[in-house]
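Quantities reported herein were computed from a predicted structural model and do not represent experimental measurements.
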Amino acid sequence: MKKLINIFYFSILISGIISCNGQENKTKIVTTITTKKTSNTTQAIPDLFDKKYFHGYQLSPDSDYPIYTYIGKDIGSLTVNFINKNIDKQNEWLQFDFNNGIDAGDDPDDKYFSDLDKVIKRKLEPNLTDYEIITEYVPLKYLQKQTLDFIYPYIKTYYLYNKEKKEWQFIKEIKINDSSNEKNITTLLELNSMINLNQKDNSHTQNDTASMPLKQFDGVWSSDCQSNLHVSLSSVITNAQFLIPDRFAMNAQLKKIDTNKYELYFTDFPPIIPLPDNMEVWDNMDNKKSVGIIEFIGKSKLSLTWFGFYHKKFKKNIETENPFDSKKNTDILVKCSDK
């Protein structure tokens, strides 16, 4: 049975790997303990911002927002999530370690977690007013005494931090029946929904970028329409097919995350182009992690931000050069033809 990613992190933390940088700032955030009422009973929860529970910032399992985690025989398991209130700015956390030159390598070590904690702290703590803070809490009774593995089924409870009242407010609780990541790991989409943050932010919308049907973007796109290097988009199956000579051909699903903005998740690699050695075994690459983001600019341009493929054995992204311009992380493509 696979353990949750936060248990993995904690096994590293309790070994003394992560420093406790940033404690003085963190203990100023909250001073009270609140309760959750269910029926005729009241369940006390620990002071979730107590400095003894903080051992360094990390990234979520999908590397898309900052967290810190704790699990122990004193309280159980908790994960504190920091969610930017601005949908667009949430994208700044995607692959934050990789984009800041921090490489987990084959096995994340002391230096990786220490460096990651420092860069997250510099970005997050001066801007905490821009974030909602949601904690996932699992009481000790749902953890095995010796291993601290979860006992299924278990109850996970979500709390939102009220900064004015300086207390945790109950959001909801859910029952987890099995050990699959899909059940155990909370996604950014789920957290956004808990704070009524829609996948749409109109604060910067312009007339030519108002939400348009995906069908208008069907066709072939490239940075050079004379080249055979291109991506074909289909609204019928929300699919993007990349043809990148000398590198790979790829099919990807589009997942809408904002107005005219879509994440790309690879599904398969048509045998049109031989794959590089590091991509030949598909199972080594995580298809749950986005390989890039497409954002449409009007009807005839789009920007492609490229992350590459997350290699589960190497524990880092590979093929990270933008397929259309290796010198840029983000490139502008134009529409070359309709389908």
Side-chain angles (χ1 to χ4, degrees), residues 5-6 8-10 12-34 45-72 75 77-104 108-137 158-169 171 185-188 190-192 194-195 197 201 203:
I5 191 72
N6 62 346
F8 165 72
Y9 281 142
F10 179 70
I12 298 174
L13 297 174
I14 60 174
S15 300
I17 287 179
I18 297 297
S19 66
C20 293
N21 292 334
Q23 283 311 292
E24 293 182 0
N25 290 336
K26 184 153 294 303
T27 55
K28 294 178 182 178
I29 300 177
V30 66
T31 58
T32 61
I33 301 174
T34 62
I45 65 171
D47 185 353
L48 301 177
F49 272 141
D50 191 312
K51 63 182 181 180
K52 67 183 178 182
Y53 302 136
F54 178 81
H55 297 274
Y57 294 109
Q58 309 153 29
L59 290 174
S60 70
D62 289 330
S63 297
D64 51 2
Y65 55 88
I67 65 173
Y68 69 81
T69 65
Y70 180 86
I71 186 169
I75 66 165
S77 172
L78 66 88
T79 301
V80 181
N81 308 291
F82 297 85
I83 309 301
N84 198 302
K85 301 172 187 177
N86 185 309
I87 288 282
D88 276 351
K89 291 187 177 181
Q90 289 180 0
N91 293 328
E92 295 174 359
W93 292 105
L94 289 170
Q95 310 297 330
F96 187 72
D97 52 351
F98 174 78
N99 292 332
N100 281 272
I102 301 175
D103 187 355
D109 58 10
D110 183 0
K111 178 172 171 48
Y112 169 79
F113 285 108
S114 177
D115 290 348
L116 182 60
D117 172 50
K118 290 175 183 177
V119 296
I120 292 178
K121 178 183 176 182
R122 285 199 298 266
K123 179 177 176 62
L124 176 65
E125 291 192 352
N127 301 294
L128 278 174
T129 56
D130 298 331
Y131 288 78
E132 297 286 11
I133 305 174
I134 300 175
T135 286
E136 307 168 40
Y137 175 56
Y158 294 87
Y159 297 92
L160 175 67
Y161 181 57
N162 185 314
K163 296 174 184 175
E164 293 182 359
K165 296 182 179 180
K166 293 186 177 181
E167 65 180 21
W168 293 100
Q169 297 179 338
I171 301 177
I185 296 176
T186 308
T187 66
L188 179 58
E190 291 173 299
L191 293 171
N192 280 339
M194 291 179 198
I195 54 178
L197 190 59
D201 178 8
S203 61

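Atom CD1 of Ile134 is separated from atom OG1 of Thr79 by 12.0 Å, given to the nearest 0.5 angstrom. Note that CZ of Phe82 and CH2 of Trp93 are 9.5 Å apart. Values are rounded to the nearest 0.5 Å. Note that OG1 of Thr69 and CG of Asn81 are 10.0 Å apart. Values are rounded to the nearest 0.5 Å. Note that the CG atom of Leu191 and the CD atom of Gln90 stand 9.0 Å from one another [nearest 0.5 Å]. Within the model, atoms CG of Leu59 and OH of Tyr68 stand 15.5 Å from one another, a figure rounded to the nearest 0.5 Å. Going from atom CG of Asp97 over to atom CD of Gln58 covers 11.5 Å, rounded to the nearest 0.5 Å.
A ring-ring contact (aromatic ring centres under 6.0 Å, His included) with Trp168 holds for exactly one of Tyr158, Tyr137, Tyr161; it is Tyr161.
Under the 3.5 Å distance criterion, the side-chain polar atoms of Asn127 are matched with a main-chain donor or acceptor of Lys123. Panel note: side chain Asn162, backbone Glu167; no donor-acceptor pair is recorded below 3.5 Å. A donor-acceptor pair under 3.5 Å is absent between the side-chain atoms of Tyr70 and the main chain of Lys52, judged by distance alone. Remark: side-chain polar atoms of Lys121 are not paired, donor with acceptor, to backbone N or O of Gly56 under 3.5 angstrom. Between the side chain of Asn84 and the backbone N or O of Tyr131, no donor-acceptor pair lies under 3.5 Å.
Enclosure of atom NZ in Lys89 is not indicated, since only 12 or fewer non-hydrogen atoms of other residues, nucleotides or ligands lie within 6.0 angstrom.
Residues satisfying the side-chain contact (heavy atoms from CB on, under 4.5 Å) criterion with Asp115, sequence neighbours excluded, are Ile102, Lys111. Applying the side-chain contact (heavy atoms from CB on, under 4.5 Å) criterion to Asn91, with sequence neighbours excluded, gives Leu94, Ile257, Lys261, Ile293. Here Tyr65 pairs with nothing under the ring-ring contact (aromatic ring centres under 6.0 Å, His included) rule; sequence neighbours left out.
The shortest heavy-atom contact between Tyr57 and Leu124 is CE2-CD2, 3.6 Å.
For the pair Tyr53 and Val80, the minimum side-chain heavy-atom distance is 4.5 Å or more.
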